[in-house]
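In what follows, a structure is listed as structure tokens, so that the remarks can point back to it.
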Amino acid sequence: MTDRIMVSPGSAEDAPAMPSWVGEDTVTYAQAGVDTAEGARAVDAIKESVHSTYRPEVVGDIGGFGGLFSLAAAKDMEDPLLVSGTDGVGTKLQLAKIAGKHDTVGIDLVAMCVNDILATGAEPLFFLDYIAIGKLKSEAVAEIVNGIAEGCKQAGCALIGGEMAEHPGVMDPDEYDLSGFAVGIVDRAAMLDPAQVEEGDVLLGLASSGLHSNGYSLARKVCTEGRTHYEVTLPRPSLGGRSVLDALLQPTRIYVKQVRAVLEQHPGAVHALAHITGGGITENLNRALPKHLDARVEVGSWEMEPIIPFVCAAARLTEGDALKTFNMGLGMILIVKPEAADAVKASLEAQGETVYRVGTVVKGSGEVSYVNEEDLFPELPSDREVPPAPVVPDPANRTTERDTFYDEEADE
């Protein structure tokens, strides 16, 4: 219900300003802040990228009222199931805005959707995006869609449609938000299912490329809030020579083609799969378990990109909190028959994946437990106390000659 504006009859001081259109003969859509001509230019700018993702099943072209995709391939399946997933990029977009780099978040958008539906064993078929933006600029939209197209190519799915919605008066001109929608297909007989998981199954973890697209409200708070542009773009030894901004913007890894190939090469070897997103290992691996079994994860059996412990140290997270906040270096975990674990691992490594044997399935109640949890951050003493909050430097004392994060000086 719209709030009623009360104006005193004796005074106009609390009255709203006169509308901008008063005195005009007519009010156009463009005057209201929506530029349909720029929208048409944006569509032209993205056509080549969109076409580069097309599969033989795509029918028609962009510009119609609905994307068309043939399901002729399903005729060879015994019981084909459509699998759908939708997601966004979240506040990682704010870092893209700071960096002025908007293509990698398009990859993130696709990754978050297709990695989800991959958890059933499905092959992603097509993808649609939704871009809400304060002021539409064809060049900026083209950069975003180029990233979405790249993500679709990595996943092997077609970008068959989308929407660019201009929101003047609702969003600031430079603000935008992304959401996406993926549809895939799997034969019911070949579907991955937690019910298939057995005691003794092996956990194989696939290395993540960084934080992926989860936990960024926390990451931004401890790594960019109150920091100068110089500080977040300065190369840092603790990040392997990368800047904080570059490391945080590393796009989410897409595992579709590699995992799908293994499912075909080793039918029945993989029982279930967990996409490690928001909630970390603790609150995602359990989704791939039946109620009578636990996943016992051996902490310290894998490595992680430097940005992950960097953010955890900045936030002063305990091991338990870290494991239920970030992916901690594992973007996906496969639950595999023990006798097939070595072969599956070798097949994934042959396709360029970094694979770790990170634990086993044991009797339990559908939970995730950890062995050697204190080994999560091996560079820190195991008996440490949570460190005190760092002293915030006075901005007036900062220089462009030296700005440090946390304990970097002490570590050098």
Side-chain angles (χ1 to χ4, degrees), residues 111 114-124 154-156 186 190-212 250 252-277 280-282 284-290 293-306 308 323 326-364 368-373 375-376 378:
V114 298
N115 284 342
D116 268 356
I117 66 174
L118 176 63
T120 64
E123 175 191 4
Q154 289 184 25
V186 64
M191 185 176 68
L192 303 181
D193 188 341
Q196 300 170 356
V197 176
E198 300 175 349
E199 183 181 357
D201 281 354
V202 172
L203 307 178
L204 295 181
L206 305 187
S208 68
S209 55
L211 296 182
H212 285 183
Q250 180 68 28
T252 305
R253 188 157 179 79
I254 294 174
Y255 302 99
V256 171
K257 291 182 179 179
Q258 303 90 309
V259 172
R260 287 279 307 161
V262 165
L263 296 179
E264 293 179 2
Q265 293 165 8
H266 306 279
V270 180
H271 285 158
L273 188 156
H275 181 201
I276 310 304
T277 54
I281 298 171
T282 305
N284 283 285
L285 182 53
N286 61 341
R287 298 162 67 184
L289 297 171
L293 295 173
D294 283 358
R296 180 177 294 167
V297 178
E298 299 170 8
V299 176
S301 60
W302 70 90
E303 298 178 357
M304 62 187 83
E305 288 295 314
I308 300 174
L323 287 163
F326 301 113
N327 65 57
M328 300 312 297
L330 301 177
M332 192 158 281
I333 298 178
L334 286 72
I335 303 179
V336 184
K337 283 183 177 180
E339 62 270 24
D342 289 341
V344 169
K345 184 174 183 290
S347 294
L348 288 165
E349 289 172 338
Q351 296 176 80
E353 289 299 316
T354 300
V355 189
Y356 303 100
R357 194 166 177 142
V358 300
T360 56
V361 175
V362 298
K363 290 181 179 179
V368 178
S369 62
Y370 297 97
V371 179
N372 302 322
E373 192 172 303
D375 291 340
L376 188 63

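The nearest pair of heavy atoms linking A207 to Y356 is CB-CE1, 4.1 Å. The nearest pair of heavy atoms linking P290 to P194 is CD-O, 3.3 Å. Nearest heavy atoms, V256 versus A155: CG1-O, 3.5 Å.
Around CZ of R260, the count of heavy atoms belonging to other residues, nucleotides or ligands within 6.0 Å exceeds 12. The neighbour count for E303 CD, taken as heavy atoms of other residues, nucleotides or ligands under 6.0 Å away, does not exceed 12.
The closest donor-acceptor contact from the side chain of D375 to the backbone of E298 lies at 3.5 Å or more, if one exists at all. Of the possible polar contacts, none joining the Q351 side chain to the V259 backbone as a donor-acceptor pair under 3.5 Å is found.
Atoms CG and CD, on L293 and E199 in that order, are 6.5 Å from each other to the nearest 0.5 Å. To the nearest 0.5 Å, the span separating NE2 on H212 from CD1 on I308 amounts to 7.5 Å. In this structure, CG on D116 lies 10.5 Å from CG on L273, to the nearest 0.5 angstrom. Within the model, atoms CG of N115 and OG1 of T252 stand 7.5 Å from one another, a figure rounded to the nearest 0.5 Å. One finds the CE atom of M332 at 10.0 Å from the CG atom of N284 (value rounded to the nearest 0.5 Å). Note that the CG atom of L203 and the OG1 atom of T360 stand 6.5 Å from one another [nearest 0.5 Å].
Residues T282 and Y370 form a side-chain contact, since some pair of their non-hydrogen atoms from C-beta on lies under 4.5 Å apart. Residues Y255 and V262 form no side-chain contact, since every pair of their non-hydrogen atoms from C-beta on lies 4.5 Å or further apart.
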Dump the intermediate steps for side chain to side chain donor-acceptor pair (under 3.5 Å) on S208 and N327, then the final yes or no. CA-CA 8 Å; S208 68; N327 65 57; 2.9 Å; yes
